[in-house]
K.L.:
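Let me begin by handing over the structure; questions about it come next.
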Amino acid sequence: AQSVTQLGSHVSVSEGALVLLRCNYSSSVPPYLFWYVQYPNQGLQLLLKYTTGATLVKGINGFEAEFKKSETSFHLTKPSAHMSDAAEYFCAVSSNNLFFGTGTRLTVIP
Amino acid sequence: DAGVIQSPRHEVTEMGQEVTLRCKPISGHNSLFWYRQTMMRGLELLIYFNNNVPIDDSGMPEDRFSAKMPNASFSTLKIQPSEPRDSAVYFCASTEPGSETQYFGPGTRLLVL
């Protein structure tokens, strides 16, 4: 069975500060892992994904995530937050379907 | 590419009325997913199709909900009769063959009064 846990439903950072959004997964098979972003009143947009190969994955808008099998984690990071990063972020694990976490709302403080 | 298209974008209806939500997946994609998003329950997978065939409808809340995919370019999600607790944003997503990446539509915001 697959599942995802996102620690922290709300995260606030100052503009220019490091962004760290946590995601831990459970999977009975080698996982495919995803981060999606949802801006207000919009659908989900793929930020990045890990399937196989390099464990550090780079996505759009300067975000990256690292697959750590030993920690069953896939945390999302960005070195310097921008106001436009304010959104809700969803981690997901896939077998045949996508299993989404409950989301983390990121607030960026000017 | 136009992306996944959903209509209507907003729907307000009264309890007991029939509601039909529509989705056009990205051309060439062969899997289609319907999700519901609410504050209380987050994102829930309702049903998904592969090559127009329903594969897993275990997420469909009850018999009031039904979904069809008559061809590769069109799907509907119907609620009859609708209830206030059905108020949510309904998303459609599609994937291309061999890929796990889902592309989401903009959603339909449903309010049942």
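Lettering follows sequence order; numbering is per chain, from 1. In this text, all values refer to a predicted model and were calculated from it rather than measured experimentally.
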K.L.:
Please classify the contact of B:Asp56 with chain A as side chain, backbone, both or neither, using a heavy-atom distance under 4.5 Å.
P.N.:
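The side chain, not the backbone.
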K.L.:
Check this for me, if you would: do B:Glu18 and B:Lys78 make a salt bridge, where the nitrogen-to-carboxylate-oxygen distance has to be below 4.0 angstrom?
P.N.:
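A salt bridge links B:Glu18 with B:Lys78.
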K.L.:
Looking only at the side chains, is there a donor atom on one of A:Ser94 and B:Glu100 sitting less than 3.5 Å from an acceptor on the other?
P.N.:
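Note: A:Ser94 and B:Glu100 side chains meet the donor-acceptor criterion.
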K.L.:
Salt bridge between A:Lys78 and A:Glu64, side-chain N to carboxylate O under 4.0 Å?
P.N.:
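Here A:Lys78 does not pair with A:Glu64 in a salt bridge, since their nearest N and O are not under 4.0 Å apart.
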K.L.:
Considering only heavy atoms, which portion of B:Arg109 lies under 4.5 Å from any heavy atom of chain A: side chain, backbone, both, or neither?
P.N.:
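The side chain, not the backbone.
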K.L.:
Quick check for you: among A:Thr51, A:Asn41, A:Thr102, which has the greatest number of heavy-atom pairs under 4.5 Å with chain B?
P.N.:
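Looking at each of A:Thr51, A:Asn41, A:Thr102 in turn, A:Asn41 comes out on top.
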K.L.:
Knowing that exactly one of A:Phe63, A:Tyr36, A:Trp35 qualifies, which makes a ring-ring contact (aromatic ring centres under 6.0 Å, His included) with A:Tyr89?
P.N.:
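Of A:Phe63, A:Tyr36, A:Trp35, ring-ring contact (aromatic ring centres under 6.0 Å, His included) with A:Tyr89 is met by A:Phe63 alone.
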K.L.:
Need one label for A:Gln38: side chain, backbone, both or neither, based on atoms under 4.5 Å from any heavy atom in chain B.
P.N.:
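It is the side chain, since no backbone atom gets that close.
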K.L.:
Does any backbone or side-chain atom of B:Gln37 lie under 4.5 Å from a heavy atom of chain A? Answer side chain, backbone, both or neither.
P.N.:
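Side chain only.
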K.L.:
We want to know whether A:Ser73 and A:Asn24 form a side-chain donor-acceptor pair, criterion being a heavy-atom distance below 3.5 angstrom.
P.N.:
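Absent: no donor and acceptor within the cut-off.
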K.L.:
Identify which part of A:Leu46 has an atom lying under 4.5 Å from any heavy atom of chain B, answering side chain, backbone, both or neither.
P.N.:
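Contact with chain B involves the side chain of A:Leu46 alone.
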